[in-house]
Each structure stands twice: as C-alpha cells, then as structure tokens.
Amino acid sequence: MNEIRNFLLSPEEYLDTFWESDALIWVDWREYDESIIKYINEKLPEEDKVKFTCVEIEKERDIDIILEKDGVSTAIPYAEEYTDRDTTLKSLQEYVSPKYQIRWFMGSLGSDTLAFCICPSAQWEQLEEEFGAEKVAYHFAPIKEDSVMFEMDMDEVFDLLKQRGEA
C-alpha cells in the first residue's frame, strides 16, 4: 500500500518507480485466464487465495474455470465461444469482495498489457479518505460489473485517453 500512497502523493514524480513496483499485477491481453487467478493469488494471504479448478469442456472455448468459495462452486460466466480477461477479472473481483478490491491502474490504459492492484477494501477506503475518492479512482479504477478493460475498441481507448487529458 505504501507504493500506491507514494504514487498518489506525486504521480508524475513516482510514475517510473511505480511501474516497476510489486504493487502491480501485469496482465497481457493474450494471457490464459487461469494465469490471472494465479497472479491475484500471489498477492493474497493463504487463507484468502482464490480456489479454482479448470475443467475441459466440449464447447468452442474448451475450458470452464470453476471458482470455489464457502462450499459453493460457480463457473465463470464466459461466452460460449471464448474466455476473456474482462469476465475473469470481474468474476475475481466478485469473489474477493467485500474483503478486497481489485483496481485497474489507469496508467496502463492504451496498452495490450494492463496493470491491476489488489488491496484490502479498508486500505482503498483509507486512500480515498486521504487523497479523495475521485483522485484514487482516476488512477485506480474500481472493477465493476460493467467494466470494460481488455474488450475496449481502439476508438473507446482514444476517447478515454482524451477525456483524461493523455491523448
């Protein structure tokens, strides 16, 4: 959390250091979805790790990922034809909440490899109290049910970059 706090204190000054920090989880657009779960698990204590299994299926996407929590198994709701990073990340966010929040580091917007941070919800709330919810969300967008990250078309990416004053 100190890395995120330092970044929020001075985003321009700390950006290069933050890009190299352990706070970020980098996800390439071609990443296997089960790898994303493993990356998230690397940041969580043992008792909070995401429990999952991969099951081969006879659909075009070839695989289901089953999340297991509190004795309940739930398949990530992918489209019939393919798995996708957005659905995986949104399902992971639902799984880890309310204890944790996964946030999209907006400095990676426009790349085919996006960065994410996971922290306890209480820590995100502390950062919002310290820096303001708007500033925190500007740099670390919460992942919501309607979030589009990897599935954005280029026009949407450029529009968002322009809105943010980064184009």
Side-chain angles (χ1 to χ4, degrees), residues 1-44 48-50 52 54 61 63 65 67 76-79 81-121 123-125 127-128 131-167:
M1 181 160 124
N2 286 336
E3 294 164 319
I4 295 170
R5 177 176 279 111
N6 289 341
F7 172 79
L8 289 169
L9 282 168
S10 183
E12 295 79 25
E13 181 182 326
Y14 197 67
L15 181 61
D16 291 340
T17 304
F18 189 68
W19 276 81
E20 302 298 323
S21 79
D22 288 337
L24 295 175
I25 300 166
W26 291 96
V27 178
D28 186 80
W29 70 277
R30 297 168 296 186
E31 204 77 57
Y32 288 115
D33 292 273
E34 58 268 27
S35 295
I36 298 168
I37 301 170
K38 291 174 184 174
Y39 301 154
I40 294 292
N41 276 344
E42 289 173 3
K43 304 292 184 184
L44 294 172
D48 294 330
K49 290 190 185 304
V50 177
F52 72 100
C54 296
R61 70 174 181 262
I63 192 170
I65 298 177
L67 302 177
I76 294 179
Y78 296 117
E81 307 81 37
Y82 56 88
T83 61
D84 67 277
R85 272 56 40 223
D86 283 3
T87 302
T88 299
L89 285 158
K90 290 186 276 190
S91 295
L92 287 172
Q93 173 54 51
E94 186 176 320
Y95 183 100
V96 300
S97 72
K99 189 171 183 178
Y100 295 92
Q101 290 180 30
I102 303 169
R103 301 254 183 143
W104 176 15
F105 174 55
M106 296 305 290
S108 64
L109 174 66
S111 176
D112 60 2
T113 303
L114 301 179
F116 300 88
C117 296
I118 184 168
C119 291
S121 297
Q123 289 182 352
W124 287 114
E125 290 167 11
L127 291 168
E128 288 174 341
F131 297 100
E134 188 175 319
K135 181 175 183 174
V136 174
Y138 178 83
H139 293 288
F140 300 95
I143 296 177
K144 300 177 181 173
E145 191 174 307
D146 62 349
S147 293
V148 180
M149 298 157 285
F150 288 95
E151 300 298 318
M152 249 189 237
D153 68 37
M154 288 311 294
D155 288 338
E156 291 173 304
V157 170
F158 287 122
D159 286 346
L160 189 51
L161 286 168
K162 189 174 182 179
Q163 289 172 15
R164 293 172 57 82
E166 299 172 19

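Predicted model only: the values in this text are computed from it and were never measured. Sequential numbering from 1 along the given sequence is applied to the chain's residues.
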Check the surroundings of atom [atom1] in [X]: do more than 12 heavy atoms from other residues, nucleotides or ligands lie under 6.0 Å from it?
X     : atom1 : result
Trp29 : CH2   : no
Glu81 : CD    : yes
Glu13 : CD    : no

With a 6.0 Å cut-off on the ring centroids, do Tyr82 and Phe150 count as close?
no
Centroid-to-centroid, Phe7 to Phe105, below 6.0 Å?
yes
Do any pairs count as a salt bridge (charged side-chain N to carboxylate O under 4.0 Å, His left out) and have a residue in residues 96-121, sequence neighbours left out, and if so which ones?
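The answer is Asp48-Lys99, Arg103-Glu128.
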Donor-acceptor contact present, side-chain [X] to main-chain [Y], <3.5 Å:
X      : Y      : result
Arg5   : Leu127 : no
Ser121 : Pro98  : yes
Arg164 : Tyr138 : yes

Contact list for residues 32-43, test side-chain hydrogen bond (donor to acceptor under 3.5 Å, both in side chains), sequence neighbours left out
Glu31-Tyr39, Asp33-Thr83, Asp33-Arg85, Asp33-Thr88
Does the side chain of Trp124 come within less than 4.5 Å of Cys117's, by heavy atoms?
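Yes. Closest side-chain heavy atoms under 4.5 Å.
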Got Thr87 and Pro77 here, is their nearest side-chain heavy-atom distance under 4.5 Å?
yes
Separation of Ile143 CD1 from Gln101 CD (nearest 0.5 Å)
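Rounded to the nearest 0.5 Å, the CD-CD1 separation comes to 10.0 Å.
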For Asn6 and Leu9: C-alpha separation, side-chain torsions, deciding distance, then whether side chain to side chain contact (heavy atoms under 4.5 Å, CB included) applies.
CA-CA 5 Å; Asn6 289 341; Leu9 282 168; 4.1 Å; yes
Closest heavy-atom pair and its distance - Val157, Gly110:
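Here Val157 and Gly110 meet closest at CG1-CA, 3.5 Å.
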